[in-house]
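Notes follow the structure.
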Amino acid sequence: MTWDRKSNMADRYNPPEIEVKWQQKWAEDRLYEVTEDSKKPKYYALTMFPYTSGDLHIGHWYNYVPPDVRGRFKRMQGFNVLHPIGFDAFGLPAENAAIKRGIHPFTWTMQNIENMRCQLQSIGAIYDWNREINTCLPKYYKWTQWFFLKLYERDLAYRAKAPVNWCPSCQTVLANEQVVDGACERCGTPATHKDLEQWLFRITRYADELMQHEGIDWPERIKIMQRNWVGKSTGAYISFGLDHPGVEEKEIRIFTTRPDTTFGVTFMVLAPEHPLVAKLTTPDRRAEVEIYVERSRRQTEIERLSTEKEKDGVFTGAYVTNRLNGEKVPVWIADYVLASYGTGAVMAVPAHDERDFAFAKKYDLPIRLVIAPPGWQGEELKEAYIEEGVMVNSAQFNGTPSQHGIGAVSDFLAEKGWGGRAVTYRLRDWIISRQRYWGAPIPMIYCEKCGTVPVPEKDLPVMLPEDAEFKPTGESPLKYNEKFINTTCPKCGGPAKRETDTIDGFLDNSWYYFRYCSPQESKAPFDKQAVKYWMPIDLYTGGAEHAVGHLMYSRFISKVARDIGLVDFDEPFARLFNQGIIIREHQKMSKSKGNVINPDEYVAKLGADTMRVYLMFLGPWEQGGDWSDTGISGASRWLNRVWNLALEPYSRKAGGDKSVQEAARAELLRTIHQTIRKVTEDLERLRFNTMIAALMEFTNYLTGVSEARLVSASEWKGAVACLLLLMAPSVPHLTEELWARAGHKYSIHNQKWPEWDAALAKEEEITLVVQVNGKLRDRITVSASITETEAKKEAMSSEKVRVHLEGKTVVKEIYVPGKLVNIVVRE
RNA sequence: GCCGGGGUGGCGGAACUGGCAGACGCAGCGGACUUAAAAUCCGCCGGAGCAAUCCUUGAGGGUUCGAGUCCCUCCCCCGGCACCA
């Protein structure tokens, strides 16, 4: 009467009930608390912590479940696993909420954390909540400020007037990474430019090192993105002679990657912001130049960066001398030349540069060919020739191949003192200032007498004042907070003013992974010994969108930490893995589309275990997945089947044939060991989807075993135990419950991970495929130890194969051990 | 434009270093149980064909005994960069 038992309410799989029960028990028993333990190998698995937006969405689950599964797996394998969580709590949305809804950013953030902590707990992960960190608390940001001071000490922090990306709506500076398609990342307003006094970090000093990714296991595309972002170019600086009435500068320096084309220069172009523009412009050109400069300044990123836009510019009236040939060429300004790259000035060689070519055509400037294409007969160019060739019209360099000419011309310039070999980078220094309230105050003081003075370490943290008035304009409340601004100079004791800019949130999260190692440390940002034990991170996971922002800043800060002797490694993230994005019915999930999945509802209905399984099962983790409401029932059904299977009473069928029983036992053992191997290997390779599929297959197989009732009761019990152990990392609550009900020792999560025996996993019989001319004709079951001769003989004797051999001659027989026999025939 | 990643049933996806294409699951269809439905269980499930068999991994070509997998040409989708001199 099986229906009787299954309809019994007490025995039905009830996820919410058992999940809450075990989560409480684990917390009481401090099952997942971790401490440094030199006896065990360590494993630091970190997932990028969430910003405190208020709600955990399905994407968070998708990011957090697989690393937890992997961490649990490593734990069972005997590793001491650190898999912490915390909150990235400073940022603009908190302040926007303050402006819009009159709620203080601190209150807003802490409420969100409260909520998110509960949601995170519902995942059932191995987070050690004693190690939770929160970047907006003074005990954390004290050390963010400390890092600022350390960088200042080493001349890696400086203040400068810099042209910056500016969001007119948020009233704040945007880092390059915060400008997406020319618009503000947060509010979508087109970004403009502005000159402001800013604090910057000299990340460019580490440019070369940041391009190196030696010894770290990172996705190729992220490494490429970082290399492109640093954008190293090798070429030369060249000075052009300047003799202009009323201008003391006697030269203008440019950067080029093609010094071999210098004899082809027919004009020079300066960025509109170039400091010499105003001085050089002749009175007759002034009006036009000023209009152009003003226009480019006002233009948004989008307008200015549009590649579709036709290149335009204006003549300044000034000339410079190309010292290589003594020629005078006109100086123009154009906004296709960027002030922030190289020297903000370029030599224009229209014959060998597409942009210069277009510009020359538009304004009817001369085009002089100096690199001859192969087979060139002196004809005019229809477009710029940017390939290699032989130098012509280049005085003593005529006949030199252009690749060689690059070095030769550079060295000649160096000899003459007119320039020389040079390297430039696309990477700019990191603007750390934010004209905002909700961030760590920059620990700097301005004194009339002593100038810029750093806050002494003993005075840290510089507390963010609680009282703040949030203006709808978005201006920083700190600017108007007299109590905050007015202070005394640490040097002379006289009256002084505090810096009112706050620190970019990217600094908060560029060192948080250190803090997890010793989150309670109060005398330093982290305990050196703890960091020595845990770091570097064995597996860092998160979205690919952080490729050039967070990941570069973290590497930079980590390298600085190394250079001040805090740590002894070069790279913080030994292995990086980017998961994909979860979508729904082929569309991105977004609030505006109203197609977002609320994980809490599914947890309440189907349980966290089901969610965990489904998210892993969707597809390869790195490719993301397509959420479907019906699809999740597959995961739910599977767990129900496991539940029933594990609780079903089992006994061997009486009076069975011994040899049949023995065969069943051997097959069971083989399947168990094959499954252990498959699941272990998939977890090592982060192939969660196929791991779940293997566990489902194993469950299906065990269903058959349970019906056949050929193996002994203890063999059956062992098989179920193995299934539970293999499922434990993925399905922590259900397996714990069934483990307990089976009478095993608590906790399943403290058990050893099963190991496979290759000998036991080996198949005794295999299916050999028989092909004729590469076409499948038959499958034959043979012993795994079959010899080549036997295999070929068996294949030839197959009826289905013979039909295809009639009247033909066998040319060749191909044998792939354990796979196939292919008989090649001819008419 | 340049640099990555991808295109396999109705759908999500499997397929180790070239060797049974479609594992596992969803949806669908048929059946069992039920007064009925849900749940559950069993079976079928790429296309054409009565069948033998043939066709089928974005398109076309090539290498090979054998190609989803390797090479060439092209198309489409996703992500990043985009006047960097």
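Order of the sequence lines sets the chain letters (A, B, ...), proteins ahead of strands, with each chain counted from 1.
A stem is defined here as three or more consecutive Watson-Crick or G-U pairs, each with both distances under 3.5 Å; for RNA chain B these stems are B:1-7 with B:75-81, B:10-12 with B:24-26, B:28-32 with B:40-44, B:46-48 with B:53-55, B:58-62 with B:70-74.
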Go through A:Arg584 and A:Asp629 one step at a time and tell me if the salt bridge (charged side-chain N to carboxylate O under 4.0 Å, His left out) criterion holds. CA-CA 9 Å; A:Arg584 186 183 189 184; A:Asp629 283 315; 2.7 Å; yes
Run A:Val331 and A:Phe240 through side chain to side chain contact (heavy atoms under 4.5 Å, CB included) and show every step you take. CA-CA 11 Å; A:Val331 178; A:Phe240 283 70; over 6 Å; no
Nucleotides 61-65 of chain B: which of its N/O atoms have a protein N/O under 3.5 Å away?
unit_1, atom_1, unit_2, atom_2, d
B:C65, O2, A:Asn822, ND2, 2.3

Taking N or O atoms only and anything under 3.5 Å, show me the protein contacts with nucleotides 10-15 of chain B, one pair per line.
unit_1, atom_1, unit_2, atom_2, d
B:G12, O2', A:Leu618, O, 2.7
B:A14, OP1, A:Asn689, ND2, 2.8
B:A15, OP1, A:Arg687, NH2, 3.2
B:A15, OP2, A:Arg687, NH2, 3.2

Could you list the protein-to-nucleotides 41-48 of chain B atom pairs, N/O on both sides, closer than 3.5 Å?
none

Distances for protein N or O near nucleotides 29-32 of chain B N or O, under 3.5 Å:
none

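Across all strands, A:Arg584 comes closer than 4.0 Å to no nucleic acid atom at all (heavy-atom distances). Residue A:Asn640 is out of contact with every strand shown, counting any heavy-atom pair closer than 4.0 Å. Heavy atoms of A:Leu820 sit under 4.0 angstrom from at least one base atom. Counting non-hydrogen atoms under 4.0 angstrom, A:Ser628 reaches nothing in the nucleic acid.
Here the nucleotide nearest the side chain of A:Thr257, chosen from B:C20, B:C26, B:A85, is B:A85. Comparing B:C26, B:C54, B:A85 by their nearest atom to the side chain of A:Ser633 picks out B:C26. Checked against B:C24, B:G19, B:C83, the side chain of A:Val816 finds its nearest nucleotide in B:G19. Which of B:C81, B:C24, B:C20 sits closest to the side chain of A:Trp229 comes down to B:C81. In the set B:C3, B:C24, B:C20, B:C24 carries the atom at the smallest distance from any side-chain atom of A:Ala693.
Separating the C1' atom of B:G68 from that of B:C2 is a span of 28 Å, rounded to the nearest Å. Here the separation of B:U69 from B:U63, taken at their C1' atoms, is 14 Å to the nearest Å. Rounded to whole Å, the P atom of B:A14 lies 13 Å from the corresponding atom of B:A23. Rounded to whole Å, the P atom of B:C76 lies 22 Å from the corresponding atom of B:C70. For the P atom pair drawn from B:A51 and B:U40, the interatomic distance equals 34 Å after rounding to whole Å. Rounded to whole Å, the C1' atom of B:U17 lies 28 Å from the corresponding atom of B:G25. Annotation: B:C54 and B:G58 have their C1' atoms spaced 22 Å apart (nearest Å). For the P atoms, the distance linking B:C3 with B:U73 amounts to 13 Å, nearest Å.
A donor-acceptor pair shorter than 3.5 Å can be found between the side chains of A:Arg641 and A:Asn700. Between the side chains of A:Tyr336 and A:Asp356, at least one donor N or O lies within less than 3.5 Å of an accepting N or O. No side-chain N or O of A:Tyr363 forms a donor-acceptor pair with one of A:Asp312 less than 3.5 Å apart. Between the side chains of A:Arg555 and A:His213, a donor-acceptor pair is found at a separation under 3.5 Å. A donor atom on one side chain and an acceptor atom on the other are not found under 3.5 Å apart for A:Tyr701 and A:Gln674. Between A:Tyr385 and A:Asp353, the side chains place no donor N or O within less than 3.5 Å of an acceptor N or O (distance only, hydrogens not considered). At a cut-off of 3.5 Å, with distance as the only test, no side-chain donor of A:Trp756 or A:Thr680 sits close to an acceptor on the other residue.
Within 3.5 Å, no donor on the side chain of A:Lys819 pairs with an acceptor on the base of B:C20, nor the reverse.
Under the ring pair (Phe, Tyr, Trp, His ring centres under 6.0 Å) criterion, A:Phe577 pairs with A:Trp621, sequence neighbours left out. Evaluation of the salt bridge (Lys or Arg N to Asp or Glu O under 4.0 Å) rule for A:Arg687 yields no partner, not counting sequence neighbours. With sequence neighbours left out, the ring pair (Phe, Tyr, Trp, His ring centres under 6.0 Å) criterion links A:His274 to no other residue. Annotation: ring pair (Phe, Tyr, Trp, His ring centres under 6.0 Å) contacts of A:Tyr425 (sequence neighbours excluded): none. Shown here are the ring pair (Phe, Tyr, Trp, His ring centres under 6.0 Å) partners of A:Phe255, two or more places apart in sequence or in another chain: A:Tyr237. Residues satisfying the salt bridge (Lys or Arg N to Asp or Glu O under 4.0 Å) test with A:Glu388, not counting sequence neighbours, are none.
Put simply, A:Tyr341 has a side-chain N or O that comes within less than 4.0 Å of OP1 or OP2 on B:A85. Contact annotation: A:Arg227 does not reach the phosphate of B:C3 (side-chain N/O to OP1 or OP2, under 4.0 Å). Contact check, A:Asn700 against B:G25: a side-chain N or O comes under 4.0 Å of OP1 or OP2.
Taking atom CG of A:Leu338 as the reference point, atom P of B:A82 lies 10 Å away to the nearest angstrom. If you take CD of A:Glu684 and P of B:C16, they are 19 Å apart, rounded to a whole angstrom. A:Ile222 places its CD1 atom 13 Å from the C1' atom of B:C3, with the value rounded to the nearest Å. Taking atom CD of residue A:Gln579 and atom C1' of nucleotide B:C78, one finds them 16 Å apart after rounding to whole Å. Distance, A:Trp627 CH2 to B:G25 C1': 14 Å, rounded to whole Å.
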Check residues 808-820 of chain A and write down every donor-acceptor pair under 3.5 Å in which the side-chain atom is one partner and the other belongs to a residue at least two apart or another chain.
unit_1, atom_1, unit_2, atom_2, d
A:Thr809, OG1, A:Arg826, O, 3.3

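The pair A:Glu681-A:Arg685 fails the salt-bridge criterion, with no side-chain N (NZ, NE, NH1 or NH2) lying under 4.0 Å from an Asp/Glu carboxylate O.
Sequence order on RNA chain B of the closest nucleotides to A:Met225 and A:His804 puts A:His804 first from the 5' end. Take the nearest nucleotide of RNA chain B for A:Gly631 and for A:Thr424: the residue whose nucleotide is more 5' is A:Gly631.
The only option from A:Thr256, A:Asp260, A:Thr261 that meets the side-chain hydrogen bond (donor to acceptor under 3.5 Å, both in side chains) definition with A:Arg258 turns out to be A:Asp260.
Taking the centre of each ring, A:Tyr602 and A:Trp627 come in below the 6.0 Å mark.
An anti base is found at B:G60: its glycosidic angle is more than 90° from 0.
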